[in-house]
Amino acid sequence: MSHANKWLLAASTVLLVSACATPEERMAKLQIKQQRLELRAQQMNERRTARMNETSTAAAPSELSAQPVTDLDTPLANVLKALGNCDASLPATLKQFVTQLEPQVPVVIKANGASFSVADRTTPGSSSVKLASQTQVFGLPISGVFDEATVIGGNTEKISWGFYSPESISAVSSTLGSRIASYKQVRQDVGGAQLRMDIYDGRSWRRTTRFDYFRNQSKIAGERVFAIDASRDPAFPGTRVSCTVRGTQLKDVLPVLRPDLT
């Protein structure tokens, strides 16, 4: 039998088997194929991010991330851009513009940067500060800022920081996304929240869309989430824009991400 005839026979066999499959079997095969394609895309994205992280590591990442953001039109706009990085550029930017931000935005200078000045980071209601009603960025009203920590058994388990706006999630995402690149790097999650997620493997941060997959792996030492979602604080209705970091090696990554807290 010629090679061409063998190929035609094999193709006919595949078509015959497919035709005999039930609709349920065909649907299950399609679902498996789709899951494989999604996993392959996820793996490609992770490899791409890992290569970017390796390049950044070669250029002293702790020093690069600690540089203030100074390229936007107002000090507060630079602060919100730095927030989108979820790294040490925020305390550096707050320290850079502390004079211009106060008294509109309360800032306290620390040894290695600056922070939003809140009464108590560990107590709900005391970890946020309301801003004047006229405070705006790109025409977007900003109602408050916050810097909070969850402490369990004397250990800090999670930290979050960011700001509130009375506008909707879509309005905040659209307004800031049109001016700040890092606000475009989010994906819509359940309930309309906009999320950008990274996992920490003990050496570097890697972008992911599947926390549920990585949480079961013992090598994962931390999670970092940039979120634009609905505010759960009745004192600040509307939208909360935040960076949240948690994980078993939180104390190790904090000096890089939030040197103002060390």
Side-chain angles (χ1 to χ4, degrees), residues 69 74-110 113-152 155-169 171-173 175-176 180 182-183 186 191-196 223-246 250 254 257-262:
V69 175
T74 67
L76 187 54
N78 284 297
V79 169
L80 296 193
K81 181 176 180 179
L83 172 67
N85 298 332
C86 286
D87 62 16
S89 62
L90 177 67
T93 305
L94 286 173
K95 189 171 184 177
Q96 175 79 18
F97 294 108
V98 61
T99 302
Q100 296 94 320
L101 290 169
E102 291 184 328
Q104 186 181 44
V105 179
V107 177
V108 56
I109 295 179
K110 304 290 186 67
S115 307
F116 294 128
S117 182
V118 299
D120 185 352
R121 298 180 64 246
T122 62
T123 303
S126 298
S127 57
S128 56
V129 177
K130 287 188 176 182
L131 304 185
S133 59
Q134 71 271 18
T135 305
Q136 294 188 349
V137 174
F138 309 132
L140 183 75
I142 306 300
S143 55
V145 296
F146 67 93
D147 192 355
E148 61 190 30
T150 300
V151 179
I152 300 176
N155 297 316
T156 301
E157 301 289 339
K158 179 179 73 171
I159 64 170
S160 299
W161 62 95
F163 71 91
Y164 293 100
S165 173
E167 297 296 317
S168 66
I169 294 175
V172 172
S173 180
T175 299
L176 297 180
I180 301 174
S182 60
Y183 285 70
V186 296
Q194 303 285 329
L195 306 177
R196 188 187 73 226
E223 303 171 1
R224 177 173 63 179
V225 183
F226 173 68
I228 306 174
D229 59 355
S231 170
R232 297 180 178 85
D233 190 335
F236 297 93
T239 298
R240 169 169 144 149
V241 180
S242 64
C243 290
T244 297
V245 181
R246 73 179 83 196
L250 181 59
L254 275 185
L257 300 181
R258 290 290 305 273
D260 53 300
L261 299 180
T262 60

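The model shown is predicted, which means the values in this text are computed figures rather than measured ones.
Within the model, atoms CD1 of Ile159 and SG of Cys243 stand 9.0 Å from one another, a figure rounded to the nearest 0.5 Å. Between atom OG1 of residue Thr122 and atom CD1 of residue Ile152 there is a gap of 12.0 Å, rounded to the nearest 0.5 Å. Taking CG of Leu257 as the reference point, atom OG1 of Thr262 lies at 11.0 Å (rounded to 0.5 Å). Annotation: the span from Gln96 atom CD to Gln100 atom CD amounts to 7.5 Å, rounded to 0.5 Å.
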side-chain contact (heavy atoms from CB on, under 4.5 Å) between Lys95 and Thr93, worked out: CA-CA 5 Å; Lys95 189 171 184 177; Thr93 305; over 6 Å; no

Pair Phe226-Leu195, side-chain contact (heavy atoms from CB on, under 4.5 Å): steps then yes or no: CA-CA 6 Å; Phe226 173 68; Leu195 306 177; over 6 Å; no

Residue pair Val245, Leu250: steps toward the side-chain contact (heavy atoms from CB on, under 4.5 Å) verdict: CA-CA 7 Å; Val245 181; Leu250 181 59; 3.6 Å; yes

Steps toward side-chain contact (heavy atoms from CB on, under 4.5 Å) verdict (Val172, Ser165): CA-CA 8 Å; Val172 172; Ser165 173; 4.0 Å; yes

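For Gln194, the side-chain contact (heavy atoms from CB on, under 4.5 Å) partners two or more places apart in sequence, or in a different chain, are Ile169, Ser173, Val186, Gln188, Ile228. In this structure, the side-chain hydrogen bond (donor to acceptor under 3.5 Å, both in side chains) partners of Ser160, at least two apart in sequence or on a different chain, are Thr244. For Val107, the side-chain contact (heavy atoms from CB on, under 4.5 Å) criterion is met by Leu94, Val98, Leu101, Glu102, Val105, Ala114, not counting sequence neighbours. Listed by chain and number, the residues in a side-chain hydrogen bond (donor to acceptor under 3.5 Å, both in side chains) with Ser168 are Ser170 (sequence neighbours excluded). Residues satisfying the side-chain hydrogen bond (donor to acceptor under 3.5 Å, both in side chains) test with Ser117, not counting sequence neighbours, are none. Residues satisfying the side-chain hydrogen bond (donor to acceptor under 3.5 Å, both in side chains) criterion with Asp233, sequence neighbours excluded, are absent altogether.
Asp260 and Ser115 are linked by a side-chain donor-acceptor pair at a separation below 3.5 angstrom, with hydrogens and angles left out of the test.
Shown here for Pro234 and Pro237, the closest heavy-atom pair between the two residues is O-CD, 3.6 Å.
You'll find the side chain of Arg196 reaches within 4.5 Å of the side chain of Cys86, heavy atoms only. Between Leu80 and Tyr183 the shortest side-chain heavy-atom distance falls below 4.5 Å. Side-chain atoms of Leu83 and Trp161, non-hydrogen and from C-beta on, do get closer than 4.5 Å to each other. Within the 4.5 Å cutoff, the side chain of Leu90 has heavy atoms near those of the Val79 side chain.
The stretch residues 131-150 participates, sequence neighbours left out, in these salt bridge (Lys or Arg N to Asp or Glu O under 4.0 Å) pairs: Arg121-Asp147, Asp147-Arg258, Glu148-Arg240.
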Enumerate, atom names and distances included, each donor-acceptor pair closer than 3.5 Å involving a side-chain atom of residues 125-146, sequence neighbours excluded.
| residue | atom | partner | partner atom | Å |
| --- | --- | --- | --- | --- |
| Thr135 | OG1 | Ala132 | O | 2.9 |
| Ser143 | OG | Tyr164 | O | 3.3 |

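No donor-acceptor distance shorter than 3.5 angstrom exists from the side chain of Asn155 to the backbone of Glu157, with no hydrogens or angles considered.
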